[in-house]
Amino acid sequence: MRICWRRLCILHRPTFLSWRRPQRRLNPLPLATRHFPTGDPRRARGFASARECTGSRTPDLFALNKQISHLVRAGRLGEARAVFDAAECRNTVTWNAMITGYVRRGAMARARELFDGMPERDVTTWNLMISGYVSCRGSGFVEEGRELFERMLERDCISWNTMISGYAKVGRMDEALWLFQRMPERNVVSWNTMVTGFLRNGDVERAVGFFKEMPERDSASLSGLVSGLIRNDKLDEAARIFLEHGNPDGREDTVGAYNTLIAGYGQRGRIEEARYLFDLIPFGNDRGEGGAQKFVRNVVSWNTMIMSYVKVGNTVAARELFDQMTERDTFSWNTMISGYVHMSNMEEASKLFQDMPNPDTFTWNTMISGYAETGNLEFARDLFEKMPQKNLVSWNSVIAGYEKNEDYKGAVVLFIQMLTNGEKPDRHTLSSILAVATGLVDLSLGLQIHQLVNKIVNPDVPINNSLITMYSRCGAIVDARTSFDEVNLQKNVITWNAMIGGYASHGFAAEALELFKLMKRFEVRPTYITFISVLSACAHVGLVEEGRRHFLSMSKEYGIEPTVEHFASLVDIVGRHGQLNEAFDIIKGMPMKPDKAVWGALLGACRVHDNVELARVAAEALMQLEPESSAPYVLLYNMYADAGRWDDANKVRMMMERNAIKKCKGYSRVDSPQ
DNA sequence: GTAGGGTTAG
């Protein structure tokens, strides 16, 4: 299948093809200074066409500031700026509102330009700028923040807190602590910032120490500690401290901390603890009459608890809670539906889907992927066509569904449709389509997708693994190796398996085994898949002893129990070497039923080493396993014929005719010897 | 303008 990208681009101009990662702007933008060619320094900066009204708040000014704030909150910065520029009269609040817009968007160069051009700044202005610099992504702007902080004449508590949180964000807790110790007065936020700062940087001990030392705590202190501890995998400690401190400021938002803990336990499958906490949340008025604990379970508590049950596959318990809820939101419905979908119970899922008042895109996508996963492409496609609003996940779900059900052409058609619709593929799309190229063994498609990968996503281990698999399946083993070497960041076991498997299946046994050695040197734990490749490599080059050793080391060193595939390889290794009886003994000693690969390996070995009797055993086993296959008959016939045992050969032929086995092309010798 | 808080799809 060939996709003509160029034609697609010309016809439909998918925007992503010319898409570039945005560059960070470091220097202030040159604004339209030429419109104000007077000598006024403020004009020279390009702003001051307005009269500055620093005095009384006129109603006009109030409305103007409100309007700018409103536009900024809605993210409509361009409009906000137009209003700002057109204003006849401004005060500091006006300027601050506009700066807020730029700061929130991370456009610090623009913010700075306004800041530099302002006639009068207040503490809020300075704090805004510092906050903008220190929360800028990329962490390169703390110094700019600090510079402003140092230049401030009157700092308030927020200035200090902002600066401290800036250092905490970039991991410089020493600097944060230095400021904390020197600030003239601290409030509860200062303390909270330090606690969460330590937690953010993995210093659990000092975080807990600071928490205990705090002169006063509020619900944010507790929530911050709880969530930070959970992020540091200290779930039990979080629960202990939380239960010890209860509800510090008597506010209802403590229920958030309960929910955090329930989610923490739920996500780790510790359902009993999650349920215990859920039951502990003061519920209604029954425990809160004194007024001390009036907060109740909210809809998120219910959803989180349902999610916990869904996670461990207990849809019955989840449904019980779901039915008890008096108020459900879309999360409740979606979680419950996704629970059924995960258990492949599409019947219940679709019942809920029909009952759900306002299914959203999430719901539709869940149903689509559910049908796709259970092999019902028709339903998946039908929903996909009918859904009122598709998003990227919708496309990805349906494409992945086609790929998993091996309808590769359908997947490619959908992918092209997706591009022509102007949707930009992401790593999920690309990895599906790479799997499609692998399934089709279509190198040309694979190469095109590789180009697309380079263009639109950052290097990423799973994608690179898919590339390795694609190239090696398409026989481009050198390209596979190139992709393998490009995963210099963090090769995972799949990376190694893909490359070792690629080498093994193309007969590069030495390279496969060499890589396996290297893998162990990098202390990557092999999986059963690794051993399938390793054993097959050993079989290819006749490394009997090494093969045996690897087979034994599987369970001994790595605790991996050999599967039927490993046994097939072992039989192959031993049998090819001529040790047919040992091979047969291995089969007899297998803990599971030998499959056709196992018997096939023995039969092949018997053919090579001319052991007709054992060949008969193997062939008969194969005939039972695969009654329609002609191969065992043909092989056995040939062996008898070669040995001159024509009676036996003819018996095989008669048997074949009796069972109405059709001969396959490529086994012409069946007819020729006579 | 500073600290914290939960849940759903590929």
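Chain A is the first sequence line, chain B the second, and so forth, proteins listed ahead of strands; every chain is numbered from 1.
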Closest listed nucleotide, where the reference is the side chain of [X] and the choices are [options]:
| X | options | value |
| --- | --- | --- |
| A/Ala220 | B/dA3, B/dG10, B/dT2 | B/dA3 |
| A/Asn192 | B/dT8, B/dG6, B/dA3 | B/dA3 |
| A/Thr335 | B/dA9, B/dT8, B/dG10 | B/dT8 |
| A/Ser131 | B/dT2, B/dG4, B/dA9 | B/dT2 |
| A/Met307 | B/dG4, B/dT7, B/dG6 | B/dT7 |
| A/His342 | B/dA9, B/dA3, B/dG5 | B/dA9 |
| A/Asn365 | B/dT7, B/dA9, B/dT2 | B/dA9 |
| A/Thr196 | B/dG5, B/dA3, B/dG10 | B/dA3 |
| A/Asp218 | B/dG10, B/dG6, B/dA3 | B/dA3 |
| A/Val393 | B/dG6, B/dA9, B/dA3 | B/dA9 |

What I want to check is whether the side chains of [X] and [Y] have a donor and an acceptor closer together than 3.5 Å.
| X | Y | answer |
| --- | --- | --- |
| A/Asn192 | A/Asn161 | no |
| A/Arg319 | A/Tyr309 | no |
| A/Tyr102 | A/Arg81 | yes |

Students often get this wrong, so: under 4.0 angstrom with heavy atoms, is [X] touching a base, only sugar-phosphate, or nothing?
| X | result |
| --- | --- |
| A/Arg200 | sugar-phosphate |
| A/Arg155 | nothing |
| A/Ala263 | sugar-phosphate |
| A/Ile130 | nothing |
| A/Asp360 | nothing |
| A/Asp426 | base |
| A/Asn298 | base |
| A/Asn391 | base |
| A/Val226 | nothing |

Please give, in whole Å, the distance from [N] [atom2] to [X] [atom1]?
| X | N | atom1 | atom2 | answer |
| --- | --- | --- | --- | --- |
| A/Leu277 | B/dG5 | CG | P | 18 Å |
| A/Phe198 | B/dG4 | CZ | P | 15 Å |
| A/Met163 | B/dT2 | CE | C1' | 12 Å |
| A/Arg268 | B/dG6 | CZ | C1' | 14 Å |
| A/Asn334 | B/dG6 | CG | P | 19 Å |
| A/Phe331 | B/dG5 | CZ | P | 16 Å |
| A/Met343 | B/dT8 | CE | P | 18 Å |
| A/Met305 | B/dT8 | CE | P | 14 Å |

(message) By the side-chain hydrogen bond (donor to acceptor under 3.5 Å, both in side chains) test, which pairs, at least two apart or in different chains, include something from residues 378-387 of chain A?
(response)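 For residues 378-387 of chain A, and leaving out neighbouring residues, the side-chain hydrogen bond (donor to acceptor under 3.5 Å, both in side chains) pairs sorted by first residue read A/Arg381-A/Glu385, A/Arg381-A/Tyr402, A/Asp382-A/Lys386.
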(request) Any chance you could measure A/Asn201, atom CG, to A/Arg172, atom CZ, to the nearest 0.5 Å? (result)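 Answer for the CG-CZ pair, A/Asn201 versus A/Arg172, is 12.0 Å.
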(message) Quick one, A/Glu373 and A/Val341 - any side-chain contact, counting heavy atoms below 4.5 Å?
(response)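 They are not in side-chain contact.
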(message) For a 4.5 angstrom cut-off between non-hydrogen side-chain atoms, does A/Met194 reach A/Phe198?
(response)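 In short, these two side chains touch, coming nearer than 4.5 Å.
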(request) Could you identify which residues of residues 227-242 of chain A place a heavy atom less than 4.0 Å from some atom of DNA chain B, listed by residue number, or say none? (result)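 Result for residues 227-242 of chain A: A/Ser227, A/Arg231, sorted by number.
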(request) Within residues 429-436 of chain A, find the residues that approach DNA chain B with a heavy atom at under 4.0 Å, and present them sorted by residue number. (result)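 By residue number: none to list.
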(request) Return the set of residues passing side chain to side chain contact (heavy atoms under 4.5 Å, CB included) with A/Thr124 (not counting sequence neighbours), or none when no residue passes. (result)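 Side chain to side chain contact (heavy atoms under 4.5 Å, CB included) check on A/Thr124 returns A/Asn96, A/Asp122.
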(request) Determine the sole option in A/Thr363, A/Val398, A/Ile368, A/Asn365 for which the side chain to side chain contact (heavy atoms under 4.5 Å, CB included) test with A/Leu383 is passed. (result)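 Among A/Thr363, A/Val398, A/Ile368, A/Asn365, the one that satisfies the side chain to side chain contact (heavy atoms under 4.5 Å, CB included) with A/Leu383 is A/Ile368.
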(message) Distance criterion of 3.5 Å, no angle test: do you see the side chain of A/Ser219 paired donor-to-acceptor with the base of B/dG4?
(response)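 Between B/dG4 and A/Ser219, which were checked side chain against base, a qualifying N/O pair under 3.5 Å is present.
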(message) Looking at A/Gln267, I'd like to know whether one of its side-chain N or O atoms comes within less than 4.0 Å of OP1 or OP2 on B/dT7.
(response)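 A/Gln267 to B/dT7 OP1/OP2: side-chain N or O found under 4.0 Å.
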(message) Check the phosphate of B/dA3 against A/Lys169, side-chain N and O only, distance under 4.0 Å to OP1 or OP2. Yes or no?
(response)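 Looking at the OP1 and OP2 atoms of B/dA3, one of them is under 4.0 Å from a side-chain N or O of A/Lys169.
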(message) Strictly by ring pair (Phe, Tyr, Trp, His ring centres under 6.0 Å), give each pair with a member in residues 364-392 of chain A just once, sequence neighbours left out.
(response)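 For residues 364-392 of chain A: A/Phe353-A/Trp364, A/Tyr371-A/Phe379, A/Phe384-A/Trp395.
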(request) For A/Arg121 and A/Phe115, indicate whether the former's side chain and the latter's backbone hold a donor-acceptor pair under 3.5 Å. (result)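 Confirmed, A/Arg121 side chain pairs with A/Phe115 backbone.
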(message) Once salt bridge (charged side-chain N to carboxylate O under 4.0 Å, His left out) is applied, do any residues pair with A/Arg155, and if so which ones, sequence neighbours excluded?
(response)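 Checked A/Arg155 against salt bridge (charged side-chain N to carboxylate O under 4.0 Å, His left out); matches are A/Glu150.
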